[in-house]
Enquirer: 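Quick one: the structure is below, questions incoming.
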Amino acid sequence: MTLTIATWNINSVRLRLDLVLRYLSEAAPDVLCLQETKCPDAEFPRSAFVKAGYPHILHRGMKGYNGVAILSRLPLAAAENLTLCGREDARHIAAEVRPADGPSLLVHNFYVPAGGDIPDRIENPKFGHKLDFLAEMTDWAERLRARHDRAVLVGDLNIAPLVHDVWSHKALLKVVSHTPIECEALLHLQDSGGWIDAVRCLNPEPEKVYTWWSYRSPDWNAADKGRRLDHIWVGPALKPAIASSSILRAARGWERPSDHVPLAVTLAL
DNA sequence: ATGGTGGTCCTACCA
């Protein structure tokens, strides 16, 4: 059997409900993880996804900011959600995915803090929060590794760690999302947890790979000043199962788009 | 070197 897991920072699930439904219809992933749903749990547009063939839904939202969700065609069982940096700010949700045949998978969906504009934790507490969040994720990943390697970690990690994850490595060295301290922290998290970067396994450097283009670029497609902020990682036991990946760049050109596009990895289990 | 756009929810904050 194959299992396709997708992730997308949707920047308001209510405003862009039609875009999510279009993606589900066209790409038909088995599981879709969303970030920045910006939707309180009581108002999550659950029935639209049920009608679209995704009846298994978990969400963790709040008013105005953040928010994560998992939509699935396969049965889900809620797993423990993390409270990082002591904040109940809806930046992580986890689920066990239970295929009809075969063992289950643990899916962790993260929305890492963006970190503000100034890459200095003294001048900018948001940057400190981002680094602290990554440090707590690293501790968590080390503990998880010991007991569960059939795991997948996806989400908007808000860091483009490799040279060809950005349009210009040199121009972005002091720009939050590509500073050396963040890139090192993300790669340390990856290494500590034993995670495999599935998208880079299939599209190795020096190929340019982007999942985000700023709203502030008037001609995003021609300028192509993208960054790879969104990621799909798998635990070591799943590495041999990595089969294919897709990044739907076209979604950046849809009407009223998110600034992120959906990406997906198919596992042959 | 600077400012550029978009979402939420009412005034500024976040990305």
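Residue numbers start from 1 in every chain, and the chains themselves are labelled A, B, ... in the order their sequence lines are given, proteins ahead of strands.
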Enquirer: Test your reading of the model: is there a side-chain donor-acceptor pair from A/Asn66 to the backbone of A/Tyr111, 3.5 Å cut-off?
Expert: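 No; judged by distance alone, with no hydrogens or angles, the pair does not exist.
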Enquirer: Which value, in whole Å, describes the distance between the C1' atoms of nucleotides B/dC10 and B/dG4?
Expert: 24 Å
Enquirer: Earliest and latest nucleotide of DNA chain B, 5' to 3', sitting under 4.0 Å from a non-hydrogen atom of chain A?
Expert: B/dG4 to B/dA15
Enquirer: Tell me whether A/Asp197 is salt-bridged to A/Arg228, with the criterion being a basic N under 4.0 Å from an acidic carboxylate O.
Expert: yes
Enquirer: Please lay out, stage by stage, how A/Trp233 and A/Val199 fare under the test side-chain contact (heavy atoms from CB on, under 4.5 Å).
Expert: CA-CA 8 Å; A/Trp233 297 350; A/Val199 172; over 6 Å; no
Enquirer: Test of understanding: clusters of I, L, V, M, F, W, Y form through side-chain heavy atoms closer than 4.5 Å, transitively. Do A/Tyr54 and A/Ile70 belong to the same one?
Expert: no
Enquirer: Using Watson-Crick and G-U wobble pairs with both distances under 3.5 Å, what is the 5'-to-3' dot-bracket string of DNA chain B, with [ ] for crossing pairs and | for pairs outside the strand?
Expert: ....((((...))))
Enquirer: Would you kindly compare A/Gly115 and A/Ser12 by the position of their nearest DNA chain B nucleotide and give the one closer to the 5′ end?
Expert: A/Ser12
Enquirer: For B/dT11 versus B/dT5, give the span between their P atoms, rounded off to a whole number of Å.
Expert: 24 Å
Enquirer: With a 4.0 Å cut-off, would you call A/Glu88 and A/Arg60 a salt bridge?
Expert: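 Between A/Arg60 and A/Glu88 there is a salt bridge, with a charged N closer than 4.0 Å to a carboxylate O.
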Enquirer: Please list, by residue number, the residues of residues 211-227 of chain A whose heavy atoms come closer than 4.0 Å to an atom of DNA chain B; answer none if no residue qualifies.
Expert: A/Tyr215, A/Arg216
Enquirer: On a whole-Å scale, what distance lies between the P atoms belonging to B/dT2 and B/dG6?
Expert: 23 Å
Enquirer: Give the ring-plane orientation class for A/Trp140 versus A/Trp195, where under 30° counts as parallel, over 60° as perpendicular and anything between as tilted.
Expert: parallel
Enquirer: Quick one: do A/Asp224 and A/Lys208 make a salt bridge, cutoff under 4.0 Å?
Expert: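 No, no charged N to carboxylate O under 4.0 Å.
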Enquirer: Atom CD in A/Glu96, atom CG in A/Leu58: separation rounded to 0.5 Å?
Expert: 11.5 Å
Enquirer: A/Tyr65 or A/Asn11: which one's nearest nucleotide on DNA chain B is closer to the 5' end?
Expert: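 Of the two residues, A/Asn11 wins.
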Enquirer: Count the heavy atoms of every other residue, nucleotide or ligand shown that sit under 6.0 Å from CG of A/Asp117, and state whether that count exceeds 12.
Expert: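 Not more than 12 within 6.0 Å, no.
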Enquirer: Please measure how far the C1' atom in B/dT8 lies from the corresponding atom in B/dG3, and state the result in whole Å.
Expert: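 22 Å, rounded to whole Å.
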Enquirer: Between A/Ser12 and A/Glu36, do the side chains contain a donor N or O and an acceptor N or O under 3.5 Å apart?
Expert: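 Absent: no donor and acceptor within the cut-off.
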Enquirer: What integer number of Å spans the C1' atoms of B/dG7 and B/dA1?
Expert: 28 Å
Enquirer: Would you mind telling me which of A/His178, A/Arg200, A/His231 makes a side chain to side chain donor-acceptor pair (under 3.5 Å) with A/Asp165?
Expert: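 Exactly one candidate clears the test, A/Arg200.
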